[in-house]
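To start, the structure itself, in structure tokens.
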Amino acid sequence: MLKLTNTLTGQKRDFVPLGDTVRMYVCGPNLYGPCHVGHALSYVVFDVLRRYLEYKGYDVRHVQNFTDIEDRIIELSKSERRSIGDISEQYIQRFLTEMEGLNILRANDYPRATAYIPQMITITQGLIDKGLAYPTDGDVYFRVRAFPGYGKLAKRSLEEMRAGARIEVDPRKEDPMDFALWKASKEAEPAWPSPWGMGRPGWHIECSAMSLTLLGEQFDIHGGGHDVIFPHHENEVAQSEGYTGLAPVVGYWVHNGLLRRTESDEEKMTRHSGNFVSLRDALAAHSADAIRLFLLSAHYRSPRAYSEEEILSYERAAERLRAALEPGDAPSGGRAVETEGYKLRFEAAMDDDLNTPQAMAVLFDLIREVNRGKDRGENVTDVQGLLKELGGVLGLTFQSKIADSVAAQPFVDLLVEVRADLRKARQFALADSIRDRLTKLGVALEDTPQGTKWKMG
RNA sequence: GGCGACGUAGCCAAGUGGUCUAAGGCGGGGGUCUGCAAAACCCCUAUUCGGCGGUUCGAAUCCGCCCGUCGCCUCCA
């Protein structure tokens, strides 16, 4: 039985979906810039959650939003004199390419905020009607003190938050913690007609509108980074539960820990500070498997530091994984290796709030089992099958980053053949010299009883 | 200042009351195999879990204090 930690209750509990299909909403990116590895951590974590749910036999409906209307996109649009649609389209394409590069499964829906303006207006009006929101000068604010549970997700009282407020208080707000559902449009900004005049939505309302529309008034999982608990998700709870009168809106709030840029930096990655490693750069330098193994090597709720060196160490581990899946040359039908125990261990680890470090340990034990079986001349197809299946739950591709250069292939083959003749003639000095030179060029040779194998990378 | 996490080998990281003289990865050392390598396999690499006290028959795991680090407190995955 899968257990998940719910941020709202702070407790790890059995995962029981509300219906036949698991409904999962994951906070997606603001489209004002490229994604970084911190985003990748979050999306990989929820990709693994989805894959594991599907492995366990659930149907999963996975929705991830695109925020295409927000202060920063508007700023960018002004400074670059491009339309919001143009900018968001560019970053959506880049996002999808990078997700594919990381082997993250496509969500069932990628709703864009601007496509849900009518729903946001409906919810906003509904909250006004219930006395949970009030319009002022074309803005509409949520009235936090009218919502009794405000602060329950972030586990903070209104008093505590008011005391720590570090932003100048807008005098039109009834309470400093009241937040905008709708903002009156300023000059030269995108705007939509509403009962309160031309304007645009606040940031938080989009997720309420899209999740309620696409997943229903109550759904199973809502994911995102730890930094988005307050105010974003806190406000979403207030909006959604305030509007529908149903609680909880989300069965399991799941939040991943944040990624820092480096050990020495001691600061989380953020785009606005420029303190980040772009996902594109990471993908250019490393295989998807190495990046995924690195991101999954700590529990998803732990904060991490990005480390090239560490990813490189997982590059080697990923290479062992690939090698283990190469067919053994033992006659088929030999003694098969027992696999059931490994499968159970893997499931027990994943059931325990997605303990991916432990699940990875099972994978590495399986690799050893495969290699041992190969050495003994046993039939390892079953173990390899399990390794591939469980690795697949973690979204591993078993592909190396650098595809062997097709053009160079015949020349390498030629050198390897020449070297084989030299070895036969016991001309070892020359043979070794060829091997050394090839090694320096990035071609690794391996002499096996079946002949010499080589690979690039 | 308030709230919440965390501190385990050279590095990363699981484990949260007895099976822990602590998983797994990377790195390092030795061995088997090999013409020599590589890969693979085998063995070794924390009697100890930030420090000091306490609870308990028993603590890395619970409690208290201290030291250090991080996150949130309307930009944020």
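In what follows, chains carry the letters A, B, and so on, assigned in the order in which the sequence lines appear, proteins first and then strands, with residues in each chain numbered from 1. In this text the structure is predicted, and so the values were computed from the model without any measurement.
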Across the strands shown, which category fits [X] at heavy-atom distances under 4.0 angstrom: base, sugar-phosphate, nothing?
X        : result
A/Ser157 : nothing
A/Asp447 : base
A/Arg368 : sugar-phosphate
A/Arg423 : base
A/Arg322 : nothing
A/His299 : sugar-phosphate
A/Lys173 : base
A/Gly28  : sugar-phosphate
A/Gly38  : base
A/Arg72  : base
A/Phe428 : base
A/Arg156 : base
A/Asn355 : sugar-phosphate
A/Asp432 : base

Are A/Arg72 and A/Tyr32 in a cation-pi setup, meaning NZ or CZ lies under 6.0 angstrom from the ring centre and within 45 degrees of the ring axis?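 Yes.
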
Could you tell me whether A/Arg13 sits above the aromatic face of A/Tyr252, with NZ or CZ closer than 6.0 angstrom to the six-membered ring centre and within 45 degrees of the axis?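 Judged by the rule (NZ or CZ under 6.0 Å from the ring centre, within 45° of its axis), A/Arg13 is not positioned above A/Tyr252.
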
Considering only side-chain heavy atoms of [X], which listed nucleotide, [options], is closest?
X        : options             : result
A/Met269 : B/C26, B/A13, B/A77 : B/A77
A/Glu310 : B/A13, B/C12, B/C41 : B/C12
A/Pro357 : B/G25, B/A77, B/A23 : B/A23

Under 3.5 Å donor-acceptor pair, [X] side-chain atoms to [N] base atoms:
X        : N     : answer
A/Asn30  : B/C76 : no
A/Lys268 : B/C70 : no
A/Arg260 : B/C70 : no
A/Arg435 : B/C36 : yes

Distance in angstrom units between [X] [atom1] and [N] [atom2], rounded:
X        : N     : atom1 : atom2 : answer
A/Arg143 : B/U74 : CZ    : P     : 22 Å
A/Leu422 : B/A37 : CG    : C1'   : 16 Å
A/Arg261 : B/C70 : CZ    : P     : 14 Å

Can you tell me the Watson-Crick or wobble partner of B/A40, both distances under 3.5 angstrom? B/U32

Heavy-atom count check: over 12 atoms from other residues, nucleotides or ligands less than 6.0 Å from A/Glu309 CD?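 No, because the 6.0 Å sphere around CD of A/Glu309 holds 12 heavy atoms or fewer from other groups.
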
